[in-house]
Each structure stands twice: as structure tokens, then as C-alpha cells.
Amino acid sequence: MTRLTGSALRLTVLVGENDTWHHRPLYSEIVHRAHRAGLAGASVFRGIEGFGASSLIHTTRLLSLSEDLPVAVVVVDTEERVRAFLPQLDELVTEGLAILDPCEVVRYTGRGQAPGGPGTRGPRGEGPS
């Protein structure tokens, strides 16, 4: 896992909630591959409305179209590490959109920080998380 602060690159992958990779949700496969690649972080956000290449609007407001809502997978790490991860997306994403944005990480504290540092727990688990 990367401890990251300063300049970074944000990768946002927009796919459908029902998109799969070998019978597994595509968004989950992307997150797990990003984790195996040692990237600093990845999160999945489920949209409430959107449309893509099909121009069909998917929304939670209409029961009949509440399937296959948009999903955004956001990955952040250094530019070099994110760009090295892109070939895996070529293999996984057959229909979707990948967006790269430069960003700045203000603070990221991963596991393995110094004892007693911010966000650590005491010997019995007490204290902030």
C-alpha cells in the first residue's frame, strides 16, 4: 500500500452496475486488481441516474429502469502507478469510460504509521480510528 501526499493522478472508471467480469461485478474486479497492484486507494460510488453510449437514461426514480445504474470506480495514486495500471482496464472494460485527472492529496495515512500517531489505537483498541 502506498502512503501518498502531494501530486497524484485520479482515475475514474464509469461503468454499469450490471457489468461483469467472469460472473463477478466489474467494479469489484477493478478494485481488487487495484489493490493487488498496490495502488494507494480505490472506492466505488453508485450513481442514482445517468446515461452512456446507449443514450438510455438509467434512474432510481423509474422502477422499470432502475437496473444497471451508473457506477464510478475512483482510484488515486502517483501518475506513474496509475498509468501502469491502465493496461488492466483495457482487458476488463469493454464498454465504459476512463477519466484521468491530476489532483493533489492533502493527507493520506495508511497502515504502518508510527505508534501513537494520529488515527492509531491504543493496546486494547481504545482511541481514535
Side-chain angles (χ1 to χ4, degrees):
M1 170 124 1
T2 302
R3 279 198 234 168
L4 187 61
T5 187
S7 295
L9 191 64
R10 176 179 50 210
L11 165 65
T12 304
V13 184
L14 302 170
V15 295
E17 184 178 35
N18 292 339
D19 293 348
T20 60
W21 174 259
H22 296 282
H23 307 291
R24 177 181 188 170
L26 177 59
Y27 59 83
S28 180
E29 183 66 21
I30 294 169
V31 167
H32 283 84
R33 286 193 184 201
H35 184 259
R36 282 194 306 270
L39 296 176
S43 297
V44 178
F45 301 94
R46 183 178 189 229
I48 58 171
E49 188 168 73
F51 70 93
S54 70
S55 294
L56 178 64
I57 293 180
H58 299 272
T59 178
T60 57
R61 293 183 292 135
L62 301 173
L63 184 59
S64 63
L65 296 177
S66 64
E67 301 170 1
D68 203 26
L69 292 169
V71 173
V73 182
V74 179
V75 179
V76 177
D77 206 315
T78 64
E79 180 172 355
E80 179 182 348
R81 293 173 65 86
V82 169
R83 289 193 183 278
F85 182 69
L86 292 178
Q88 293 201 49
L89 290 183
D90 291 339
E91 177 187 353
L92 295 173
V93 180
T94 57
E95 187 175 303
L97 182 64
I99 303 165
L100 295 170
D101 296 302
C103 63
E104 183 176 345
V105 175
V106 176
R107 179 173 179 232
Y108 177 82
T109 305
R111 295 183 189 150
Q113 61 188 1
T120 59
R121 295 179 179 268
R124 288 182 282 230
E126 66 271 349
S129 57

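- Atom CZ in Arg36 sits 6.0 Å away from atom CZ in Arg33 (nearest 0.5 Å).
- Here CD of Glu29 is found 5.0 Å from CZ of Arg24. Values are rounded to the nearest 0.5 Å.
- Judged by distance alone, with hydrogens and angles left aside, the side-chain atoms of His32 form a donor-acceptor pair with the main-chain N or O of Ser28 at under 3.5 Å.
- Considering every non-hydrogen atom in both Ile48 and Leu69, the closest pair reads O-CD2, 4.1 Å.
- Note that the CG atom of Leu92 and the OH atom of Tyr27 stand 14.5 Å from one another [nearest 0.5 Å].
- Nearest heavy-atom pair across Gly16 and Val71 is C-CG2, 4.3 Å.
- Rounding to the nearest 0.5 Å places CG of Leu26 at 12.0 Å from CD of Glu17.
- Phe85 and Leu97 fall into different hydrophobic clusters, defined by Ile, Leu, Val, Met, Phe, Trp and Tyr side-chain heavy atoms under 4.5 Å apart, directly or through other members.
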Requested in this report: Please step through side-chain contact (heavy atoms from CB on, under 4.5 Å) for the pair Thr12 and Val73, ending with a clear verdict.
Outcome: CA-CA 6 Å; Thr12 304; Val73 182; over 6 Å; no

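- The main-chain N or O of Ala40 is found under 3.5 Å from a side-chain atom of Asp77 such that the two form a donor-acceptor pair.
- In the displayed structure, Glu80 atom CD is contacted under 6.0 Å by at most 12 heavy atoms of other residues, nucleotides or ligands.
- Classification of Glu79 and Arg10 as a salt-bridged pair fails, no side-chain N sitting under 4.0 Å from a carboxylate O.
- Among all heavy-atom pairs drawn from Pro87 and Ala84, the shortest one is CD-O, 3.3 Å.
- For the atom pair Ile30 CD1 and Asp19 CG, the distance stands at 9.0 Å (nearest 0.5 Å).
- A donor-acceptor pair under 3.5 Å links the side-chain atoms of Thr78 to the main chain of Arg81, judged by distance alone.
- Once rounded to the nearest 0.5 Å, the distance linking CZ of Arg83 with CG of Leu11 reads 10.0 Å.
- In terms of hydrophobic clustering, with Ile, Leu, Val, Met, Phe, Trp and Tyr side chains grouped at heavy-atom distances under 4.5 Å, Leu39 and Leu14 are assigned to different clusters.
- When hydrophobic clusters are built by joining Ile, Leu, Val, Met, Phe, Trp and Tyr residues whose side-chain heavy atoms come closer than 4.5 Å, directly or via intermediates, Ile99 is not grouped with Leu86.
- Between Leu9 and Val76 the shortest side-chain heavy-atom distance does not fall below 4.5 Å.
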